[in-house]
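Residue numbering restarts at 1 for every chain, and letters A, B, ... go by the order of the sequence lines.
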2 protein chains.
Amino acid sequence: MAAVLDQDGITAAALELISKKGYDGLTMAALARSLGVAPSALYNHVSSKDEVLKLVEEDLMSKVDFGGFSTLPWEDAVRQWAYSYRGIFARHTPLISVIAVLPVTDAPQTLAMYEAVTEGFLRAGFPEKQIIPSIVALEAYIFGAAFDANAPADIFDSGRLADSTPHFTSAVRSLGPERNNYPSDLAFSMGLDALITGLGALRG
Amino acid sequence: MAAVLDQDGITAAALELISKKGYDGLTMAALARSLGVAPSALYNHVSSKDEVLKLVEEDLMSKVDFGGFSTLPWEDAVRQWAYSYRGIFARHTPLISVIAVLPVTDAPQTLAMYEAVTEGFLRAGFPEKQIIPSIVALEAYIFGAAFDANAPADIFDSGRLADSTPHFTSAVRSLGPERNNYPSDLAFSMGLDALITGLGALRG
DNA sequence: ACCAATAAATGAATGACGTTCATTTATCTC
DNA sequence: GAGATAAATGAACGTCATTCATTTATTGGT
């Protein structure tokens with residue numbers, strides 16, 4: 001039969017669907033409809049919805065910018081990589097629970113990123129044994145920060161309990177004149193600087 | 001009618017169910033069964049499954065150990081808090097996507113924790129404006145690390161693609177003689193030290 | 001002690017959703 | 001042109017969370 005479907009097409013359609021309707025809108029039925037096909041047809045090309053998510057993940061990984069590791073000083077390369085990584089996955093937080101636990105085996109894009117990052121660390125003078133743990137720590141921070149970037153501006157509104165949390169409430173208020181001062185970007189930058197400084201000290 | 005159910009009982013049953021069957025086993029039907037009640041009865045006490053998750057979350061927050069902030073040096077208090085926080089939520093990662101974005105309003109346990117942590121930062125000499133961003137950064141790291149703690153030991157097995165990722169593969173191997181060397185704990189400790197050092201430098 | 005109001009539990013029904021499978025349809029190969 | 005094969009179909013399943021009309025038990029007022 002004329003192959004209407006393939007994994008690339010499914011991946012692209014899934015990404016478009018996600019960007020338009022979010023992850024709640026990503027159902028096998030909706031995905032099939034956007035491809036002009038019956039839901040069951042998808043199963044000739046992917047074994048499950050989980051596999052669709054893995055395909056999307058790999059695609060996103062290929063968009064993470066790790067180019068700095070071959071051109072910039074280590075600190076700047078890490079910063080560029082981390083911002084790019086967080087920026088992309090902030091709009092795909094439902095994937096994080098998958099990625100964080102997904103073996104890299106047969107994930108070429110993900111492996112390519114790790115290889116480049118590892119090379120950058122080596123070039124910067126890190127002892128080999130420190131590299132993977134450092135990357136893991138940075139990634140943990142990036143993933144957590146990606147969630148954070150989606151928090152509503154009033155997440156720290158202590159409401160009726162403000163009186164029983166005076167120090168916290170005051171610290172929140174100190175960030176700006178009113179509500180709506182969730183410091184996601186500022187926090188990311190501060191924590192990233194701290195990590196870069198701290199991990200950078202491990203260089204030989 | 002004799003009130004068989006209440007929110008505390010539902011929360012306790014949910015926690016037990018989660019510990020026995022995991023988050024996949026936490027269905028409204030299973031929860032009702034464990035309470036000897038019809039599923040629809042639950043809706044007299046909670047408005048949705050999401051509310052059950054919020055109740056569980058609040059309960060878990062009350063178990064996070066932030067006691068060090070009133071007794072230990074700041075660095076040690078942060079470490080104790082972070083380890084406790086990560087340890088608890090590592091077994092409840094499906095909640096993280098909820099928490100990270102959930103307003104603290106009407107979450108007394110969560111607010112109590114933030115209040116204590118804020119006080120600890122103040123006592124340690126942090127300028128008020130730096131406190132919330134620092135906490136946010138630490139929490140992001142803790143949440144990410146909680147996911148990480150669940151990664152399979154062979155997550156970094158590059159498999160057939162090992163040849164194309166020599167530096168990465170070698171760095172992974174350097175961690176130990178064989179596979180199964182996922183450095184989740186080591187990475188957590190390293191990154192946490194880096195954050196503590198880096199953020200600690202913000203003190204006045 | 002009764003009655004009305006109310007809180008709580010029931011069971012049947014609904015509508016998504018992911019997934020399976022027997023069957024049909026179109027294309028490629030010999 | 002026949003037969004194998006890859007791909008799409010549509011109906012069906014099982015699992016969920018959730019709703020709702022109804023029943024049942026308890027409470028407070030007189």
Side-chain angles (χ1 to χ4, degrees), chain A residues 1-60 92-99 101-102, chain B residues 1-60 92-99 101-102:
Chain A
M1 219 183 182
V4 178
L5 296 181
D6 59 18
Q7 290 201 338
D8 284 354
I10 291 175
T11 307
L15 270 164
E16 195 185 332
L17 197 50
I18 289 163
S19 81
K20 282 192 182 151
K21 311 274 185 183
Y23 276 84
D24 285 350
L26 180 65
T27 69
M28 294 303 268
L31 186 53
R33 188 164 353 106
S34 80
L35 287 159
V37 123
S40 51
L42 296 170
Y43 290 85
N44 287 317
H45 304 272
V46 295
S47 64
S48 65
K49 183 179 182 180
D50 245 56
E51 188 171 347
V52 174
L53 293 179
K54 286 181 197 170
L55 290 171
V56 170
E57 186 246 308
E58 263 284 284
D59 193 89
L60 291 175
H92 296 272
T93 50
L95 286 182
I96 293 180
S97 14
V98 179
I99 307 170
V101 153
L102 193 71
Chain B
M1 221 183 181
V4 178
L5 297 180
D6 60 16
Q7 290 201 337
D8 284 355
I10 291 174
T11 307
L15 269 164
E16 195 186 333
L17 197 51
I18 289 162
S19 81
K20 282 192 182 150
K21 312 274 185 182
Y23 276 84
D24 284 351
L26 180 65
T27 69
M28 295 302 269
L31 186 53
R33 188 165 352 106
S34 81
L35 287 159
V37 122
S40 50
L42 296 171
Y43 290 86
N44 287 316
H45 304 273
V46 295
S47 64
S48 66
K49 184 178 180 179
D50 244 56
E51 188 172 348
V52 174
L53 294 179
K54 285 181 197 169
L55 291 170
V56 170
E57 186 245 310
E58 262 285 283
D59 193 272
L60 291 175
H92 296 273
T93 52
L95 286 183
I96 293 180
S97 12
V98 180
I99 308 169
V101 153
L102 193 70

Open item on the list: One pair to check against side-chain contact (heavy atoms from CB on, under 4.5 Å): B:Thr93 and B:Tyr23. What are the steps and the verdict?
Closed with: CA-CA 9 Å; B:Thr93 52; B:Tyr23 276 84; over 6 Å; no
Open item on the list: In whole Å, I'd like the distance from the CD1 atom of A:Ile10 to the C1' atom of D:dA7.
Closed with: 11 Å
Open item on the list: Nearest whole Å is fine: how far is D:dA8 P from A:Arg33 CZ?
Closed with: 17 Å
- [ ] Assess whether atom CD of A:Glu16 is packed by more than 12 heavy atoms of other residues, nucleotides or ligands within 6.0 Å.
- [x] no
Task: Inter-axis angle, terminal five-pair segments of the helix from C:dA1-D:dT30 to C:dC30-D:dG1 [nearest 10°] - done: 0°
- [ ] Using heavy atoms and a sub-4.0 Å distance, could you list which residues of residues 16-27 of chain B are near DNA chain D? By number, please.
- [x] B:Leu26, B:Thr27
Open item on the list: Run the side-chain contact (heavy atoms from CB on, under 4.5 Å) test on A:Leu15 and A:His92 for me, step by step, so that the C-alpha distance in whole Å, both residues' side-chain angles and the decisive distance to 0.1 Å come before the verdict.
Closed with: CA-CA 10 Å; A:Leu15 270 164; A:His92 296 272; 4.1 Å; yes
Open item on the list: From the set D:dT9, D:dA17, C:dG18, return the single nucleotide nearest to any side-chain atom of A:Val37.
Closed with: D:dT9
- [ ] For the pair A:Gln7 (side chain) and A:Val46 (backbone), establish whether a donor and an acceptor sit closer than 3.5 Å, ignoring hydrogens and angles.
- [x] no
- [ ] Could you work out which one of D:dG10, D:dA17, C:dA9 sits closest to the side chain of A:Ser40?
- [x] D:dG10
Open item on the list: Given C:dG18, D:dA8, C:dA9, identify the nucleotide with an atom nearest to the side chain of A:Ala41.
Closed with: D:dA8
Open item on the list: Measure CD/B:Glu51 against P/D:dT18 and give the value in whole Å, please.
Closed with: 11 Å
Open item on the list: Quick check for you: to the nearest 0.5 Å, what is the distance between A:Lys49 atom NZ and A:Leu31 atom CG?
Closed with: 9.0 Å
Task: Given C:dT10, D:dT18, D:dG10, the nucleotide with the shortest approach to the side chain of B:Ser48 - done: D:dT18
TODO: Output the distance between atom CG (A:Asp8) and atom NE2 (A:His45), rounded to the nearest 0.5 Å.
DONE: 12.0 Å
Open item on the list: Is there, by distance only and without an angle test, a donor paired with an acceptor across the side chain of B:Asn44 and the base of C:dA7 below 3.5 Å?
Closed with: no
Open item on the list: Under a 3.5 Å distance rule, please check whether A:Lys20 uses its side chain to pair with a backbone N or O of A:Gly25 as donor and acceptor.
Closed with: no
Task: Separation of D:dA8 C1' from A:Asp6 CG (nearest whole Å) - done: 15 Å
Task: Nucleotide D:dA17, atom C1' - distance to CE of B:Met28 in whole Å - done: 7 Å
TODO: Please round to the nearest 0.5 Å and tell me the distance separating atom OG1 of B:Thr11 and atom CG of B:Leu60.
DONE: 10.0 Å
TODO: Quickly work out the A:Leu35 CG to D:dT9 C1' distance and round it to whole Å.
DONE: 15 Å
Open item on the list: Does a side-chain N or O of B:His45 approach OP1 or OP2 of C:dA9 to a distance below 4.0 Å, or not?
Closed with: yes
TODO: Take the protein atom OH of B:Tyr43 and the nucleotide atom C1' of C:dA8, then report the distance between them rounded to whole Å.
DONE: 16 Å
Open item on the list: Do A:Leu42 and A:Leu35 have side chains that approach each other closer than 4.5 Å (heavy atoms only, starting at C-beta)?
Closed with: yes
TODO: Please state how far atom CG in A:Leu42 lies from atom P in D:dG10, giving the value in whole angstrom units.
DONE: 14 Å
